[in-house]
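Beneath this line is the structure, given in structure tokens, with notes to follow.
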2 protein chains.
Amino acid sequence: MGAKLGQNNVKGEQTKNAILAAAEQLFAESGYRGASLANIAERAGVTQSGLLHHFNSKDELLVAVLEQHNRDDDALLIGPLSMGGVDVITGLRELIVQNSENRVSVRLFAVLVAESTSVDHPGHDYMKARYDRLRNRLVGALSIGIQRGEIRADADLEVLASALIALMDGIQLQWIYNSQVDMGAAFDLVASALVQSMTGGATAA
Amino acid sequence: MGAKLGQNNVKGEQTKNAILAAAEQLFAESGYRGASLANIAERAGVTQSGLLHHFNSKDELLVAVLEQHNRDDDALLIGPLSMGGVDVITGLRELIVQNSENRVSVRLFAVLVAESTSVDHPGHDYMKARYDRLRNRLVGALSIGIQRGEIRADADLEVLASALIALMDGIQLQWIYNSQVDMGAAFDLVASALVQSMTGGATAA
DNA sequence: AGTACCCGACCTTGTGGTCGGTCGGCATAT
DNA sequence: ATATGCCGACCGACCACAAGGTCGGGTACT
């Protein structure tokens, strides 16, 4: 016993990653329901049985894909959020532009977020929690702007955060259908307008 | 032949509508792939065979649902678009608030738009065309604002339209997950900022 | 008599998942 | 060193089942 170094890993970890990558692609293309374990396994260079050896069920595979992307997302968010205040908004623009290099990733979440609206969908809770987390973080980062006096104190940060997230999600959807759509420009347009109005003193209506 | 009054209608049209309504609900809940003909038929009070009598295939049923909603959408868009100019934006706000009374309808499109990103999805072409149509109409209605001098002549209306549509789509998604999300407020926030910045003369960076 | 409506039985295909087993490497006892 | 035992990786055959769709017929209205 002692060392318990049984985990040979290396080989197993490789194919596991291959499966994860294949699953990511196919879930992004066809959604969770539309992608079959057989397809995923094939693309990963394994049989379906081989796949099931590493992930006990399709649900489990989904969760694994989600968790992996979760970590990536967190890493990407550190930058924009660390700025705090109004810069958060311009930071999000960077994020969206970076994302445009990552078609699969964008598509993965755009597709799964919508598919997971069904309460019985295996990704439902995850997505719901993700929205809450995103909003909370954004609100936190934006509130620094109020302390600094960059943002009007009476601004409703919850609503602002929701709007920003909505804009990102929505523009990504259009971009998937037509890559001519300029995500950066669209975000810039409302971001600059937003900054302008949040810093100024004018109150709507 | 002659009169070709074969279409008894009345009864058939009723069940046909019942099927359409059931399909709308289930597609909205579970998406196209997630909803089964058997479920839809059951909710409509018919057997699966009975359903297939009125719609020859699942694809055909989807198209029928889409087309029906297409007409409704057009009717709803007449108001906001007829205003022209900046008022189009405030008009869209009305639309979004009205939509909040219509959970199924909102959900239907939010779910199907994402699911239809797969090129082989039966709703793909429709959704792609829908985006183009929406953008074009919006651009047309907004361009009136330039003529009137309400909107800066150098404004990129394509981008503006994309951003507005994105905002609507995105906020609806969040609303599905959490009906606490205030769609009207979120839209107002960026709408007012947008109007303020489009009418003013300041040019972004 | 004809036609629209609708059902039940049936078929095919694809699905997620199980089960038993093979192969190869590593650790220990000898 | 070599044999033994064990475990992780992986496959092929198989299964239960639900999916969309076909077909033949029955019923009722006109």
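Values in this document were obtained by computation on a predicted structure and should not be read as measured data. Naming convention: chains lettered A, B, ... in sequence-line order (proteins, then strands); numbering from 1 in each chain.
- A close approach under 4.0 Å does not occur between any side-chain nitrogen or oxygen of A/His53 and OP1 or OP2 of D/dC11.
- Between B/Glu42 atom CD and D/dA18 atom P the separation is 13 Å, expressed in whole Å.
- Put simply, CG on B/Asn39 is 17 Å from P on D/dC17, counting in whole angstrom units.
- Residue contacts shown for B/Ser49 include a base, since a base heavy atom lies under 4.0 Å away.
- C/dG17 atom C1' lies 13 Å from atom CD of A/Glu60, rounded to whole Å.
- At a cut-off of 3.5 Å, with distance as the only test, no side-chain donor of A/Tyr131 or A/Asn136 sits close to an acceptor on the other residue.
- For B/Val46, whose side chain is taken as the heavy atoms from C-beta onward, the closest listed nucleotide among C/dC7, D/dG20, C/dG16 is C/dC7.
- Comparing B/Lys16 and A/Gln48 by the nucleotide of DNA chain C that holds the closest heavy atom to each, the one mapping nearer the 5' end is B/Lys16.
- Side chain of A/Leu37, nearest nucleotide from D/dA9, C/dG17, D/dG21: C/dG17.
- Under a 4.0 Å N-O distance rule, the pair B/Asp74/B/Arg71 does not qualify as a salt bridge.
- In this structure, A/Arg107 is not positioned above the aromatic face of A/Trp175 in the sense of NZ or CZ being under 6.0 Å from the six-membered ring centre and within 45° of the axis.
- The separation between A/His54 atom NE2 and C/dG17 atom P is 16 Å, rounded to whole Å.
- Whole-Å rounding puts the A/Leu52 CG to D/dA13 C1' distance at 14 Å.
- The pair A/Asp132-A/Arg135 counts as a salt bridge, with a side-chain nitrogen and a carboxylate oxygen less than 4.0 angstrom apart.
- Taking atom CG of residue A/Asn56 and atom C1' of nucleotide D/dC10, one finds them 14 Å apart after rounding to whole Å.
- Note on B/Ala35: only backbone sugar-phosphate atoms sit closer than 4.0 angstrom, heavy atoms only; bases stay farther off.
- Contact annotation: B/Thr47 does not reach the phosphate of C/dC6 (side-chain N/O to OP1 or OP2, under 4.0 Å).
- Distance, B/Glu13 CD to D/dC29 C1': 17 Å, rounded to whole Å.
- Atoms CG (B/Leu51) and P (D/dA19) sit 13 Å apart, rounded to a whole Å.
- No donor-acceptor pair under 3.5 Å is formed between the side chain of A/Ser116 and the backbone N or O of A/Met127.
- The nucleotide whose nearest atom lies closest to any side-chain atom of A/Lys58 is, among C/dG17, D/dA19, D/dT22, C/dG17.
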